[in-house]
Structure formats: C-alpha cells, structure tokens
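Atom set for the values below is all heavy atoms of this structure, side chains included, hydrogens, waters and symmetry mates excluded. For the single chain, residues carry numbers from 1 onward in sequence order.
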Amino acid sequence: MAELCVIVGMGEGNGMAIARKFASAGFAIAMVARNAEKLKSYQSTLQSENITSHYFLADAGDGAALKTALEAIQTQLGTPAVLVYNAAVPRMESVLQTEAETLVSDFRANVAGAIACVQAVLPAMQTEQKGTLLFTGGGFALYPDPNFVSLSLGKAGIRVLANTLHAALKDSPIKVGTVTICGTVNGDDPKYSSDAIAEQYWHLHTADNSEYETIY
C-alpha cells in the first residue's frame, strides 16, 4: 500500500503542488478542506494526472470536524506518513481596526487547527515509530505587518508550534518542520512558484530531524 500524505487546507496553489510532489514519490493523497466542490475539482485534476487522491470535509477552524475527518482518513486509508497543515485565514485588516473576536476566530484556523490535527494523528505515528508533521509558515512570523495583524499572529503561532513540537519530539523518529515562506506565491516567479515551494516540504520530509524550519 502506498504511503499517505494528508494535506489539511487543500488549495489550488501550494496544496496542489505539494500533492503532485509527494505523489511523484509514490504517495497517495488525502485532501481536507471545507468546500466539497473545490475538493472534487482537485481530485478530478489529480486523477487526470494518474494521481490517487481522496477528500474529506472539515473546516480548519473547527477542531471537532478536523478530528472526525482525520479519524475517517486513518480508518479508511491508514496512518499518514506525512501530515501537511496548509490552512490559514489571509485577512487584511489593520491592528487599529480589528476586533478581539476576529483574532480569536482566525486563530482557530491559523494555529489551533494545526494542533488538533497533530493530536489526531500523532498517537498512530508514535505507535508505528515514523511520520512527518509539516506546517505552512510565513514571513509575517518574522516581519509582522500591522495591516495583516491576524495572519501575522497566526504565522508567529505556527512557527512557535513547530518549534515546540520539534523540541518535544526530538528524541523520537517523528519529524517536524515548517516552511517559512518569505514571499508572495507567484507561478511566474522561479523562487516563489508553488512547485518550487513544494520542494521545500519534500526536503524537510527527507532530511534529518536536526532543524525544524526552512526560511524560504
């Protein structure tokens, strides 16, 4: 049976590129997002490229829904070899205007959903003594923008989450990594195309577990 890569927060840019990269190495793909029509479209596109994929519905801001989806994935497809958390709310809103509840709501998808996913898959990974946990980070973690306060907090949170998970799991075979993307994804940019970025996730999966972060 093919190894399984689960992508939470599946999208047409980095998500599809990550799917293609891991599929090229023989992985089956499980996609998680909240929009069924988009997921069906991604599945159809991947199928046309002879890539096996499955999709499951869950909103990244709903921890219970994420748990249910990941339990279904493990029941139907087995333990993920790789979990990629790629979800975020790209809200453009000034720190002088945002509401506290907006920050809390966005944090659920930007950060809390990631730990919910980790907690759903980590026990099985630990039982099998293998697995990789990868997170999509961003340059706002290093250079926060007052006009993207929610996303800046979210990417800082993802960076801290990856750091602490790496420290907590450093003596185990489970790998942890985050790609801190310090640019705008653009298909015409040789560095920041989705395909180039996807290579960084593959590198973290295949490299040793000494470093948790790629600043890209």
Side-chain angles (χ1 to χ4, degrees), residues 4-19 21-22 27 29-35 38-39 42 53-74 77 79-90 105-125 131-141 150-169 174-181 185 194 197-198 200-205 209 212-216:
L4 179 65
C5 175
V6 177
I7 303 170
V8 179
M10 184 65 181
E12 63 184 355
N14 289 348
M16 285 292 278
I18 293 165
K21 177 60 187 179
F22 280 82
F27 281 73
I29 306 299
M31 308 175 290
V32 180
R34 64 183 178 180
N35 189 310
K38 287 184 178 180
L39 287 169
Y42 303 148
S53 67
H54 313 264
Y55 71 84
F56 299 80
L57 291 174
D59 187 320
D62 185 339
L66 289 171
K67 180 181 178 183
T68 297
L70 287 160
E71 286 175 348
I73 288 170
Q74 291 176 95
L77 304 174
T79 302
V82 178
L83 170 74
V84 179
Y85 193 82
N86 186 54
V89 179
S105 176
D106 288 355
F107 190 85
R108 291 190 182 99
N110 290 339
V111 183
I115 192 64
C117 291
V118 169
Q119 290 170 346
V121 303
L122 186 57
M125 287 183 172
T132 302
L133 305 167
L134 299 175
F135 306 93
T136 297
F140 286 149
S150 176
L151 189 57
S152 295
L153 287 167
K155 291 309 179 186
I158 280 289
R159 188 168 188 249
V160 170
L161 180 61
N163 180 305
T164 53
L165 282 170
H166 178 263
L169 296 169
I174 311 300
K175 295 181 180 180
V176 179
T178 183
V179 182
T180 299
I181 304 168
V185 179
S194 292
I197 291 168
Q200 305 305 311
Y201 292 79
W202 181 253
H203 172 75
L204 284 171
H205 171 59
N209 200 24
Y212 77 94
E213 181 179 29
T214 295
I215 295 177
Y216 188 72

Under the criterion side-chain contact (heavy atoms from CB on, under 4.5 Å), which of Val32, Leu134, Val6 is the partner of Val84?
Leu134
Please walk me through it: do Tyr42 and Ile7 pass side-chain contact (heavy atoms from CB on, under 4.5 Å)?
CA-CA 12 Å; Tyr42 303 148; Ile7 303 170; over 6 Å; no
Taking the side chain as everything from C-beta on, heavy atoms only, tell me whether Ile158 gets closer than 4.5 Å to Thr136.
no
Below 4.5 Å, heavy atoms only, C-beta onward: do Phe135 and Val118 meet side chain to side chain?
yes
Who pairs with Ser194 by side-chain contact (heavy atoms from CB on, under 4.5 Å), at least two apart in sequence or on another chain?
Asn14, Ala17, Val185
How long is the gap from CE on Met10 to NZ on Lys38, to the nearest 0.5 Å?
12.0 Å
Just to verify, which of Thr164, Asn163, Leu133 counts as forming a side-chain contact (heavy atoms from CB on, under 4.5 Å) with Tyr212?
Asn163
How many angstroms lie between atom CD1 of Ile215 and atom OG1 of Thr180, to the nearest 0.5 angstrom?
5.5 Å
Qualifying residues under side chain to side chain donor-acceptor pair (under 3.5 Å), relative to Thr79, sequence neighbours excluded:
Glu128
First locate atom CD1 of Ile181, then atom CD of Gln200, and finally report the distance between them rounded to the nearest 0.5 Å.
9.0 Å
Check the surroundings of atom CD in Glu12: do more than 12 heavy atoms from other residues, nucleotides or ligands lie under 6.0 Å from it?
no
Among all residues two or more places apart in sequence or in another chain, which pass the ring pair (Phe, Tyr, Trp, His ring centres under 6.0 Å) test with Tyr55?
none
What residues form a side chain to side chain donor-acceptor pair (under 3.5 Å) with Asn35, not counting sequence neighbours?
none
CZ on Phe22 to CD1 on Ile29, rounded to 0.5 Å
8.0 Å
Could you tell me the separation between the CG atom of Leu165 and the CG atom of Leu161, rounded to the nearest 0.5 Å?
4.5 Å
Any side-chain heavy atom of Thr132 within less than 4.5 Å of one from Leu204?
no
With sequence neighbours left out, the residues meeting side chain to side chain donor-acceptor pair (under 3.5 Å) with Arg159 are Glu213
Do any N or O atoms from the side chain of Lys67 and from the backbone of Asp62 form a donor-acceptor pair under 3.5 angstrom?
no
Centroid separation under 6.0 Å, is that true for the rings of His203 and Tyr216?
no
Listing, residues 109-117 side-chain donor-acceptor contacts under 3.5 Å, not counting sequence neighbours, or none:
from, atom 1, to, atom 2, distance (Å)
Asn110, OD1, Val89, N, 2.7
Asn110, ND2, Asp106, O, 3.3

